[in-house]
Amino acid sequence: MTPLVDLAFLLLTFFMLTTTFNKPQVMEIKIPEKRDANAVQPKINEKHVLSLVLGGSNRIYWYIGLTEPSVQETDYSHEGLRGMLLEQNRVIDRMVVLIKPGDKSTYENLVIVLDELEITNIKRYALVEIEEEDKNILSNYAGGAEI
Amino acid sequence: MTPMVDMGFLLVAFFMIITQFAPPDPVQITVPASTAMAKLPEANLITIMVSKEGIIYIKIDGKRNLKGLGQVINNGWDLGLTADEIDVFSNLPGIGIPVSGLKEYLRLSDSERKGIIMTGIPAGKDHNELGDWISYAMLSNPMASVVIKGDRLTPYPVIKRIMDTLQDIEVNTFSLITDTKSKTD
């Protein structure tokens, strides 16, 4: 009898340890429909636009507008990205965030940014490509930008 | 003693039934963490897996769904698969090779197949099979939803290609699988 009980409890422990009750979490993404290149894009005041360029080595460069903005750098920490987003969201009326991931950024960088936008309750954002203008702005950045 | 043993076996039975040995993934993936709380649906998933090297795999859950897809692609791409080969297809844990090599791949024995290095599903601008895979998978199972399971270190351009592909085939809603973390982490 005792060996049987031993075996039963061994099995019990095994199955208890192998069972995973928690299922993976998912983040839902909705992307806009594809539109043709000639379609008219909505225009917004550049003073409301925060560009967030995701660079290599977990660096983030950000600036407001496109006319000779001052480029600033931050990181993915709470004080860095989240603090900056909260601060700018307070200062800028109807802020629109443009996420511009560079070729050297990783999937995790994008997920963190999307998550921080959700946490800071910023609803107006878009995922866009880095344009020539952005490259020019970043090439003047004193700290040297890796994108 | 006997009641305790009874209870012991009851618990064993319970955990045996509850445990589902997840089918092995074709590649080891460490997903990034987020505070998203939505749960992954139980079934009808089309999972696009991306390794940190940027190799793209597609995984369909459920043997029946996979068999349905096998028949659809057989007609769609005119692969000339036999019923046996479709059967082998329905047991694959994931697909990570170009369509041109699929028939050869299905003819191999199980052990030979394990030795094949997956080169990934082509998703480039000029030659994109990923979009067709997803379209066929949606066609064979209209209930399916698309999820992306990417490694945290996957280079962004690969993710961009996948999202552009999904946009091209008008799959505009999808989910990213993430690990849990709290807001203060």
Side-chain angles (χ1 to χ4, degrees), chain A residues 1-35 54-56 58 76-78 82 99-120 127-130 147, chain B residues 1-2 4-5 7-9 11-22 30-42 50 52 145 147-160 163-164 166-181 183-185:
Chain A
M1 187 75 170
T2 329
L4 181 84
V5 176
D6 283 354
L7 182 73
F9 277 95
L10 190 78
L11 283 173
L12 181 60
T13 336
F14 170 71
F15 282 106
M16 275 174 76
L17 292 177
T18 50
T19 307
T20 44
F21 283 103
N22 56 338
K23 289 200 305 164
Q25 319 284 316
V26 292
M27 183 188 263
E28 197 167 89
I29 303 284
K30 287 196 175 75
I31 52 175
E33 277 172 35
K34 199 179 177 80
R35 44 169 112 190
L54 314 186
N58 297 327
Y76 291 92
S77 67
H78 286 193
R82 192 181 301 175
I99 311 168
K100 302 173 179 173
D103 287 352
K104 285 186 185 162
S105 64
T106 63
Y107 175 56
E108 186 178 45
N109 295 155
L110 176 67
V111 169
I112 295 177
V113 170
L114 293 174
D115 198 36
E116 291 295 333
L117 287 167
E118 183 66 39
I119 293 171
T120 52
L127 190 57
V128 295
E129 278 175 55
I130 295 185
I147 48 169
Chain B
M1 185 77 170
T2 330
M4 189 182 87
V5 176
M7 198 196 67
F9 275 104
L11 285 172
V12 171
F14 170 72
F15 281 104
M16 275 178 78
I17 291 164
I18 284 291
T19 307
Q20 34 177 311
F21 295 99
T30 319
V31 295
S34 85
T35 59
M37 291 302 284
K39 293 276 179 207
L40 185 70
E42 295 267 352
V50 197
K52 61 172 176 283
S145 46
V147 297
I148 297 179
K149 183 175 182 181
D151 193 278
R152 40 186 290 262
L153 297 176
T154 309
Y156 176 72
V158 182
I159 302 293
K160 167 98 180 121
M163 295 207 285
D164 286 349
L166 291 174
Q167 197 177 32
D168 284 341
I169 57 167
E170 290 172 8
V171 175
N172 291 319
T173 305
F174 50 88
S175 306
L176 309 179
I177 296 188
T178 58
D179 217 342
T180 330
K181 75 170 179 189
K183 286 184 189 179
T184 48
D185 277 350

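Owing to the predicted nature of the structure, the values given are computational and were not obtained by experimental measurement. Sequence lines set the chain letters: A, B, ... in the order given, protein chains first and strands last, and positions in each chain run from 1. Atoms considered below: every heavy atom in the structure, side chains included; atoms not considered: hydrogens, waters and symmetry mates.
- Within the 4.5 angstrom heavy-atom criterion, no atom of B/Ala13 approaches chain A.
- Side chains of A/Gln25 and B/Lys39 form a contact here, defined as non-hydrogen atoms less than 4.5 Å apart.
- Only the side chain of B/Ile159 comes within contact range of chain A, with heavy atoms under 4.5 Å apart.
- In terms of the salt bridge (Lys or Arg N to Asp or Glu O under 4.0 Å) criterion, B/Asp179 has no residue partners (sequence neighbours excluded).
- The greatest number of non-hydrogen atom pairs below 4.5 Å with chain B, out of A/Leu54, A/Thr106, A/Asn109, is found for A/Thr106.
- Contact count against chain A (heavy-atom pairs under 4.5 Å) is highest for B/Thr35 among B/Val5, B/Thr35, B/Ile177.
- B/Lys181 touches chain A through its side chain: at least one heavy atom from C-beta onward sits under 4.5 Å away, while N, CA, C and O do not.
- Interatomic distance, B/Ser34 OG to A/Ile119 CD1, rounded to the nearest 0.5 Å: 8.5 Å.
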Problem set entry | Check against side chain to side chain contact (heavy atoms under 4.5 Å, CB included), A/Leu127 and A/Leu110 | CA-CA 9 Å; A/Leu127 190 57; A/Leu110 176 67; 3.6 Å; yes

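- Taking A/Lys30, A/Glu33, A/Met27 one by one and counting their heavy-atom pairs under 4.5 Å with chain B, the maximum is reached by A/Met27.
- For the set A/Glu116, A/Glu118, A/Arg82, A/Lys104, the count of heavy-atom pairs under 4.5 angstrom toward chain B peaks at A/Arg82.
- What you find for B/Ala33 and B/Thr180 is that their closest heavy atoms are CB-O, 4.3 Å.
- Options B/Leu40, B/Asp151, B/Val158, B/Leu11 differ in how many heavy-atom pairs under 4.5 Å they form with chain A, and the most are formed by B/Leu40.
- Contact of B/Asp164 with chain A is not made at all, since no heavy-atom distance falls under 4.5 Å.
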Pairs of donor and acceptor atoms involving the side chains of residues 166-174 of chain B, under 3.5 Å and at least two apart or interchain, shall be tabulated with distances.
from     : atom 1 : to      : atom 2 : distance (Å)
B/Gln167 : NE2    : A/Pro32 : O      : 2.8
B/Asp168 : OD1    : A/Lys34 : NZ     : 2.9

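- No other option in A/Leu114, A/Val26, A/Thr13 has as many heavy-atom pairs under 4.5 Å with chain B as A/Val26.
- Side-chain contact between A/Tyr76 and A/Val113 is present, with heavy atoms from C-beta onward closer than 4.5 Å.
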